[in-house]
Amino acid sequence: MRKIKLPAKTPAARKTPKRRKSGAAAKSAPRRQKSIPAPVLAGARPPPGKGRRGEQGHLAYLLRQAQAATRLTLERQLAELGVTPPQFAVLTMLRAYPGLSGADLARVALLTPQTVHGRVLQWTLTCRGATLLDKSRRPVRALERRLIAGLGAKAQATVRRWLSKIAADLAQDG
């Protein structure tokens with residue numbers, strides 16, 4: 001979680017300092033305890049792949065952790081081309097399925113309809129879009145090679161089948 005810097009309070013919204021109690025009232029008032037730092041994780045967290053962030057972790061968490069790391073890496077690599085991951089998804093799906101409506105494009109690209117636009121139009125890939133997609137695919141392929149490093153063809157097929165099955169099975173619930 002990252003910290004968000006909030007704007008300074010306006011003079012009218014600032015709290016006024018509390019007045020100190022005097023005499024006997026000050027002595028009988030309980031003192032505030034200093035905050036105790038959080039144990040073990042106060043400034044350090046276990047790296048991915050270790051402890052509960054590794055093989056002993058909850059499967060859903062491990063999927064989320066892997067997705068987040070993959071997305072961040074993809075965002076950084078595509079940013080060099082001025083492309084966002086949703087834009088890459090749209091370009092990829094348009095090449096694979098030309099003529100989709102905006103709503104269908106949003107569904108297959110796993111985006112909200114608002115991201116793609118709300119009107120019913122058929123979308124196709126332009127020459128400029130195809131060129132941008134080709135340039136964008138280079139870093140994506142490089143990332144995918146990193147993701148499958150150390151896996152044989154059979155293991156890759158098993159992982160792909162398993163991830164696809166998860167998505168298909170859970171989509172039936174919604």
Practice problem: Please name all residues satisfying salt bridge (Lys or Arg N to Asp or Glu O under 4.0 Å) with Arg64, sequence neighbours left out, ordered by chain then number. | Solution: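 Per chain and number, Arg64 pairs via salt bridge (Lys or Arg N to Asp or Glu O under 4.0 Å) with no residue.
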
Exercise. For Lys165, enumerate each residue passing the salt bridge (Lys or Arg N to Asp or Glu O under 4.0 Å) test, keeping only those at least two apart in sequence or located in another chain.
Key: Asp169

The criterion is side-chain contact (heavy atoms from CB on, under 4.5 Å); which residues satisfy it with [X], sequence neighbours excluded?
| X | answer |
| --- | --- |
| Arg76 | Leu72 |
| Thr112 | Gln114, Thr115 |
| Leu62 | Gln65 |
| Thr73 | Gln77, Leu143, Arg146 |

Rounded at 0.5 Å granularity, tell me how far [atom1] in [X] sits from [atom2] in [Y].
| X | Y | atom1 | atom2 | result |
| --- | --- | --- | --- | --- |
| Leu105 | Met93 | CG | CE | 9.0 Å |
| Thr92 | Leu133 | OG1 | CG | 4.5 Å |
| Lys135 | Glu80 | NZ | CD | 13.0 Å |
| Leu147 | Thr70 | CG | OG1 | 4.5 Å |
| Leu81 | Asp134 | CG | CG | 11.5 Å |
| Leu63 | Leu163 | CG | CG | 6.5 Å |

Quiz prompt | Closest approach of Val83 to Phe88 (non-hydrogen atoms, all atoms of both residues) | solution =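 Closest heavy-atom pair between Val83 and Phe88: CG1-N, 3.8 Å.
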
Quiz item: For Thr124 and Gly99, which heavy atoms make the closest approach, and how far apart are they?
Solution: CG2-N, 3.9 Å

